[in-house]
Novice: 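Sharing a structure with you now.
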Amino acid sequence: MDAAAHYLEDITIQCRKLKELADGAVAQLTDQQLFAPTGTESNSIAIVMRHVAGNLRSRFTDFLTSDGEKPDRKRDLEFELPEGTSRETVIADWDLGFARLSEALAQLTPADLLRDVHIRGERYSVMQALNRALAHLSYHTGQIVAFGKQHRGAQWRTLSIPRGQSEQFNGPRRF
């Protein structure tokens with residue numbers, strides 16, 4: 001496998017892992033916790049999810065052929081909760097955003113990585129746009145997990161190696 005094919009395979013895996021991590025946090029939350037900010041200047045997890053969903057939908061719909069900032073995206077509205085917003089609608093939008101990302105990634109070939117795409121009129125290589133999306137997704141996934149942990153407190157179920165159990169997880173080392 002060449003480096004470009006390996007990159008496409010790995011970025012697909014990393015995006016899937018980030019979604020699974022965020023989904024694992026959201027699954028632990030009550031509706032109240034999902035919609036409650038952790039502080040006066042913080043967004044709720046639902047709002048972070050709405051923002052990520054809007055970003056992914058915009059960036060990865062017609063990824064190679066249209067600007068990544070679609071004319072119908074209303075970014076500022078992603079930070080509001082319209083009447084009738086529920087856990088189900090937030091998750092449906094979230095899943096749609098990730099579906100657009102997955103579809104776009106599945107269609108890419110190694111030769112596409114150096115093609116140009118545009119976001120808000122600015123030129124990026126496909127690889128740069130994907131790295132930008134991965135960084136954005138990582139940032140917001142971290143928020144979702146941290147906010148979820150704050151909400152759940154002692155009831156939080158770890159999504160990675162539990163504290164004090166690294167040695168058990170690592171097992172015997174073989175070189």
Novice: Are more than 12 heavy atoms from other residues, nucleotides or ligands located less than 6.0 Å from atom OH of Tyr139?
Specialist: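 Check fails, neighbour count at 12 or below.
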Novice: Where the side chain of Gln28 meets the backbone of Arg157, is there a donor-acceptor pair that is under 3.5 Å apart?
Specialist: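 Side chain of Gln28 to backbone of Arg157: a pair is present.
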Novice: Side chains of Ile47 and Val90: does their closest heavy-atom pair fall under 4.5 Å?
Specialist: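 Not touching, per the 4.5 Å side-chain cut-off.
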Novice: Is the closest basic N to carboxylate O distance between Glu69 and Arg59 below 4.0 Å?
Specialist: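 Between Arg59 and Glu69 there is a salt bridge, with a charged N closer than 4.0 Å to a carboxylate O.
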Novice: Indicate if Leu64 and Leu114 have the same hydrophobic cluster label, given that clusters are the connected sets of ILVMFWY residues with side-chain heavy-atom separations under 4.5 angstrom.
Specialist: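 Each belongs to a different hydrophobic cluster.
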Novice: Salt bridge (charged side-chain N to carboxylate O under 4.0 Å, His left out), that's the test. Do Asp62 and Arg100 meet it? Break it down for me.
Specialist: CA-CA 9 Å; Asp62 303 322; Arg100 297 283 168 86; over 6 Å; no
Novice: How far apart are the C-alpha atoms of His151 and Thr38, what are their side-chain angles, what is the distance that settles it, and do they pass the side-chain contact (heavy atoms from CB on, under 4.5 Å) test?
Specialist: CA-CA 7 Å; His151 282 307; Thr38 58; 3.6 Å; yes
Novice: For the hydrophobic clusters of this structure (ILVMFWY residues joined by side-chain heavy atoms under 4.5 Å, transitively), does one cluster hold both Leu101 and Met127?
Specialist: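 As far as the 4.5 Å side-chain criterion goes, Met127 and Leu101 are connected within one cluster.
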Novice: Are any side-chain N or O atoms of Arg50 and backbone N or O atoms of Leu77, one a donor and one an acceptor, separated by less than 3.5 Å?
Specialist: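 Checked: pair present.
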Novice: Do the side chain of Gln33 and the main chain of Thr30 share a donor and acceptor less than 3.5 angstrom apart?
Specialist: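 Side chain of Gln33 to backbone of Thr30, a donor-acceptor pair under 3.5 Å: yes, one is there.
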Novice: Roughly how far, to the nearest 0.5 Å, is the CG atom of Leu34 from the CD1 atom of Ile45?
Specialist: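 The CG atom of Leu34 is 6.5 Å from CD1 of Ile45, to the nearest 0.5 Å.
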Novice: Are Asn55 and His136 side-chain neighbours, meaning at least one heavy-atom pair lies under 4.5 Å?
Specialist: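 In contact.
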Novice: To the nearest 0.5 Å, what is the distance between CG on Leu96 and CD1 on Ile91?
Specialist: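 Interatomic distance, Leu96 CG to Ile91 CD1, rounded to 0.5 Å: 13.5 Å.
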Novice: Would you say Asp23 and Trp94 make side-chain contact, with heavy atoms under 4.5 Å?
Specialist: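 The answer is yes, as the side chains (C-beta and beyond) meet within the 4.5 Å cut-off.
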Novice: Checking Val117 against Arg123 for the side-chain contact (heavy atoms from CB on, under 4.5 Å) test, could you report, in this order, the C-alpha distance in whole Å, the side-chain angles of both residues, the deciding distance, and whether it holds?
Specialist: CA-CA 6 Å; Val117 293; Arg123 184 187 64 75; over 6 Å; no
Novice: Quick check: closest heavy atoms across Ser42 and Pro37, and the distance to 0.1 Å?
Specialist: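 Between these two residues, the closest heavy atoms are O-CB, 3.2 Å.
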Novice: What are the two closest non-hydrogen atoms of Ile144 and Val26, and how far apart are they?
Specialist: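 Taking every non-hydrogen atom into account, CG2-CG2, 4.1 Å.
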Novice: Quick one: does Asp116's side chain get under 4.5 Å of Tyr124's, heavy atoms only?
Specialist: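 Counting from C-beta outward, Asp116 and Tyr124 never come under 4.5 Å.
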Novice: Do Ser125 and Leu113 touch side chain to side chain, with heavy atoms closer than 4.5 Å?
Specialist: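 Contact flag for Ser125/Leu113 side chains = no.
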Novice: Supply the atom-to-atom distance Ser160 OG to Gln165 CD, rounded to the nearest 0.5 angstrom.
Specialist: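 Between atom OG of Ser160 and atom CD of Gln165 there are 10.5 Å.
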Novice: Please determine, by modelled atom types, if Glu78 and His51 share a side-chain donor-acceptor pair under 3.5 angstrom.
Specialist: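 Yes, side-chain donor-acceptor contact under 3.5 Å.
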Novice: So, do Lys19 and Asp95 sit near enough that their side-chain heavy atoms are less than 4.5 Å apart?
Specialist: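 Answer yes - side chains close enough.
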Novice: So with a 6.0 Å cut-off around CD of Gln155, is the heavy-atom count from everything else above 12?
Specialist: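 Counting neighbours around CD of Gln155, more than 12 heavy atoms of other residues, nucleotides or ligands fall under 6.0 Å, so yes.
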Novice: Could you check whether any side-chain heavy atom of Arg132 comes within less than 4.5 Å of a side-chain heavy atom of Ile119, counting everything from C-beta outward?
Specialist: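 Side-chain contact under 4.5 Å: yes.
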Novice: Please determine whether a side-chain nitrogen of the Lys or Arg among Asp72 and Arg57 lies less than 4.0 Å from a carboxylate oxygen of the Asp or Glu.
Specialist: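 Arg57 and Asp72: salt-bridged.
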Novice: Kindly work out whether a path of hydrophobic side-chain contacts (I/L/V/M/F/W/Y, heavy atoms less than 4.5 Å apart) joins Val48 to Trp156.
Specialist: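 No; Trp156 is not reachable from Val48 via cluster members.
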Novice: Judged by modelled atom types alone, do Asn131 and Tyr7 share a side-chain donor-acceptor pair under 3.5 Å?
Specialist: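 Asn131 vs Tyr7: donor-acceptor pair found between side chains.
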Novice: Please determine whether residues Val145 and Leu56 belong to a single hydrophobic cluster, defined as Ile, Leu, Val, Met, Phe, Trp and Tyr linked transitively by side-chain heavy-atom distances below 4.5 Å.
Specialist: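 No: no chain of side-chain contacts under 4.5 Å links Val145 to Leu56.
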Novice: Using modelled atom types only, decide if a donor and an acceptor are shared between the side chain of Ser58 and the backbone of Gly54 within a distance under 3.5 Å.
Specialist: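 No.
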Novice: Between the side chains of His140 and Gln143, is a donor N or O closer than 3.5 angstrom to an acceptor N or O?
Specialist: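 Side chains of His140 and Gln143: pair found under 3.5 Å.
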Novice: Counting neighbours of NZ on Lys17 that are heavy atoms of other residues, nucleotides or ligands and sit closer than 6.0 Å, is the number greater than 12?
Specialist: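 For Lys17, atom NZ is not crowded (no more than 12 foreign heavy atoms under 6.0 Å).
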Novice: First locate atom OG1 of Thr141, then atom CG of Leu18, and finally report the distance between them rounded to the nearest 0.5 Å.
Specialist: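 Thr141 atom OG1 to Leu18 atom CG measures 4.5 Å (nearest 0.5 Å).
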Novice: Between Asp67 (side chain only) and Arg120 (backbone N and O only), is there a donor and an acceptor less than 3.5 Å apart?
Specialist: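 Yes, the answer is positive, given that a donor and an acceptor are paired below the 3.5 Å cut-off.
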Novice: Evaluate Phe63 against Val126 for side-chain contact (heavy atoms from CB on, under 4.5 Å), listing each step before the verdict.
Specialist: CA-CA 9 Å; Phe63 177 57; Val126 166; 3.7 Å; yes
Novice: Tell me if the NE2 atom of His118 is crowded by more than 12 foreign heavy atoms within 6.0 Å.
Specialist: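 Yes, NE2 of His118 has more than 12 neighbouring heavy atoms, counting only those of other groups under 6.0 Å.
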Novice: How many angstroms lie between CG in Asp31 and OG in Ser86, if you round to the nearest 0.5 Å?
Specialist: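 Answer for the CG-OG pair, Asp31 versus Ser86, is 8.0 Å.
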Novice: Side chains of Leu130 and Phe60: does their closest heavy-atom pair fall under 4.5 Å?
Specialist: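 Yes. Closest side-chain heavy atoms under 4.5 Å.
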Novice: Any donor and acceptor pair, going by atom type alone, linking the side chain of Thr85 with main-chain N or O of Leu81 inside 3.5 Å?
Specialist: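 The answer is no, because no donor-acceptor pair under 3.5 Å joins these two groups.
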Novice: Any chance you could lay out the side-chain contact (heavy atoms from CB on, under 4.5 Å) test for Ser66 and Thr61, step after step, and finish with the verdict?
Specialist: CA-CA 8 Å; Ser66 68; Thr61 298; over 6 Å; no
Novice: Roughly how far, to the nearest 0.5 Å, is CZ of Phe98 from CD of Glu103?
Specialist: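 Reported to 0.5 Å precision, the distance equals 13.5 Å.
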Novice: Is a side-chain donor or acceptor of Ser138 paired with a backbone partner of Leu134 at a separation under 3.5 angstrom?
Specialist: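 Yes.
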